[in-house]
Amino acid sequence: MEVYGAPVIGEHGHWLGVVIVMHDITELKQLEQVRKDFVANVSHELRTPITSIKGFSETLIDGAYKDEDTLLSFLDIMYKESNRLQMLVQDLLELSKIEREGFKIDIIPTSLNAIVRSSIEMAKMPIEQKHMTLKVTDDEEVIVLGDANRLIQVAVNLIVNAVTYSLDYKTVHINVTKHNDYGVMEVIDEGIGIQKAEIPRVFERFYRVDRARSRNSGGTGLGLAIVKHLVEAHHGKIIVKSQEGEGTTIRILIPLAKEQ
Ligand code: ADP
């Protein structure tokens, strides 16, 4: 709280009272703190792969390149770290674009069933790598008001997370249904789950429940922040249910196109 006080003096120089202005700056302070945290997080996330690439390349230049096995394994690490940098920069640019005022999506009647089918195709590689099974239930055609490419982005993020935070050979279910005025897409995994207290925080930029585990899994920590903005841009809703050690269900609701 910022407080300013000033005396009010009458025409003949006598004291009439005091004007006090109180300005609640809690929100401003919080915003400033969020901005500072964000800059600190970005710097940290960028510095980690850069330090690694620099260290390994220096060691190679100093002579380690002469051993072929070392050369290959260091190059492999440097390649993976540069991939991480590229993904991070892409997600940062994406987030800043989405968060900018005036960001618009092209909302037209779009099939949620088709969106799920395209998303599965795009998430094929991690699914196959972990030998996971995907079960889709979408018996009725659900047409929502949405931007197909943006909704695919949302679905791919959720499917990749469901795969990332599950053990190999598990199953992920995707259901497409209607509920009141909304088309619903549900991604259900049998993975590690999220503690109740952590659930609201997973949509924060760079928030990870288990920092080391999430970083090693290759994510940028920005996926769900991007998902949240995109769903809000569709006037939709996100509901997360999770049980630690049992799995997570993320339900996305997008307004239905009329006449269904
Ligand atoms: P990341 O790139 O780290 O996956 P996200 O923004 O996509 O970042 O998710 C934020 C955090 O939420 C993750 O680091 C993870 O701790 C948690 N999380 C997201 N999806 C799931 C899930 N399906 N099961 C368990 N934890 C999850």
Side-chain angles (χ1 to χ4, degrees), residues 34 37-38 40-42 44-49 80-99 116 119-120 122-123 125-127 129-130 132-136 150-175 184-233 236-252:
V34 168
D37 289 349
F38 181 62
N41 278 328
V42 171
H44 175 78
E45 296 289 334
L46 289 172
R47 201 173 49 203
T48 315
K80 284 183 179 140
E81 290 294 330
S82 48
N83 260 344
R84 177 198 286 289
L85 267 180
Q86 190 183 33
M87 271 168 41
L88 187 63
V89 171
Q90 261 169 15
D91 274 0
L92 278 171
L93 287 174
E94 185 66 14
L95 194 63
S96 82
K97 188 167 136 191
I98 293 171
E99 284 185 338
V116 166
S119 310
I120 292 171
M122 292 174 78
M125 216 162 74
I127 298 169
Q129 272 170 357
K130 291 187 77 168
M132 291 184 63
T133 309
L134 228 125
K135 288 201 174 139
V136 181
R150 292 306 191 176
L151 289 177
I152 289 174
Q153 201 179 349
V154 167
V156 170
N157 256 301
L158 299 185
I159 299 169
V160 170
N161 275 352
V163 172
T164 304
Y165 300 106
S166 295
L167 294 175
D168 290 9
Y169 298 99
K170 291 282 184 185
T171 302
V172 173
H173 294 265
I174 305 178
N175 301 329
V184 182
M185 179 184 65
E186 216 172 25
V187 180
I188 307 168
D189 67 53
E190 306 166 340
I192 59 172
I194 308 166
Q195 268 181 34
K196 225 188 187 90
E198 309 269 8
I199 292 178
R201 302 210 61 189
V202 295
F203 296 98
E204 290 174 21
R205 300 177 290 192
F206 292 120
Y207 189 80
R208 286 142 165 164
V209 176
D210 179 340
R211 220 176 164 76
R213 181 179 199 150
S214 302
R215 283 196 85 251
N216 288 338
S217 68
T220 61
L222 295 173
L224 287 183
I226 293 174
V227 163
K228 181 169 173 270
H229 280 288
L230 289 177
V231 172
E232 280 170 357
K237 299 177 193 177
I238 308 179
I239 299 161
V240 183
K241 285 193 181 145
S242 191
Q243 193 72 40
E244 236 193 324
E246 283 180 25
T248 303
T249 297
I250 302 198
R251 191 174 295 141
I252 301 287

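Predicted, not measured: the structure shown is a model, and the values here were computed from it. These values consider heavy atoms only, across backbone and side chains, with no hydrogens, waters or symmetry-generated copies. Each ligand, and each atom within it, is numbered from 1 in the order the structure gives.
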Inset, instruction - Please work out whether any backbone atom (N, CA, C, O) or any side-chain heavy atom from C-beta onward of L158 is under 4.0 Å from ligand 1, and answer side chain, backbone, both or neither. - result: neither
Legend entry - 4.0 Å heavy-atom contact, G221 with ligand 1: yes
Inset, instruction - Give yes if a backbone or side-chain nitrogen or oxygen of N157 is under 3.5 Å from a nitrogen or oxygen of ligand 1, and no if not. - result: no
Legend entry - Enumerated ligand 1 atoms positioned under 4.0 Å from heavy atoms of I194: 25 (C), 26 (N), 27 (C)
Legend entry - Numbered atoms and elements of ligand 1 in range of Y207, under 4.0 angstrom, heavy atoms: 10 (C), 11 (C)
Inset, instruction - Under 4.0 Å from a heavy atom of G219: give me the atoms of ligand 1 that qualify, with their elements. - result: 2 (O)
Legend entry - Minimum side-chain heavy-atom gap V209-Q195 below 4.5 Å: no
Inset, instruction - Output the list of atoms in ligand 1 that are nearer than 4.0 Å to some heavy atom of G193, sorted by atom number. - result: 25 (C)
Inset, instruction - State, yes or no, whether a side-chain contact exists between D91 and L95 at a heavy-atom distance under 4.5 Å. - result: no
Legend entry - Side-chain heavy atoms of R251 within contact of V184, under 4.5 Å: yes
Inset, instruction - Using a 4.0 Å heavy-atom cut-off, say whether F203 meets ligand 1 through its side chain, its backbone, both or neither. - result: neither
Inset, instruction - Flag the pair P126 / T164 as yes when at least one side-chain heavy-atom distance between them is below 4.5 Å, and no otherwise. - result: no
Inset, instruction - Indicate yes or no: at least one non-hydrogen side-chain atom of I192 is less than 4.5 angstrom from one of L167. - result: no
Legend entry - Backbone or side-chain N or O of V209 under 3.5 Å from ligand 1 N or O: yes
Legend entry - Sub-4.5 Å side-chain heavy-atom contact between R205 and V34: yes
Inset, instruction - Tell me, please, which residues at least two apart from E204 pass salt bridge (Lys or Arg N to Asp or Glu O under 4.0 Å). - result: R201
Legend entry - L224, any N or O under 3.5 Å of ligand 1 N or O: yes
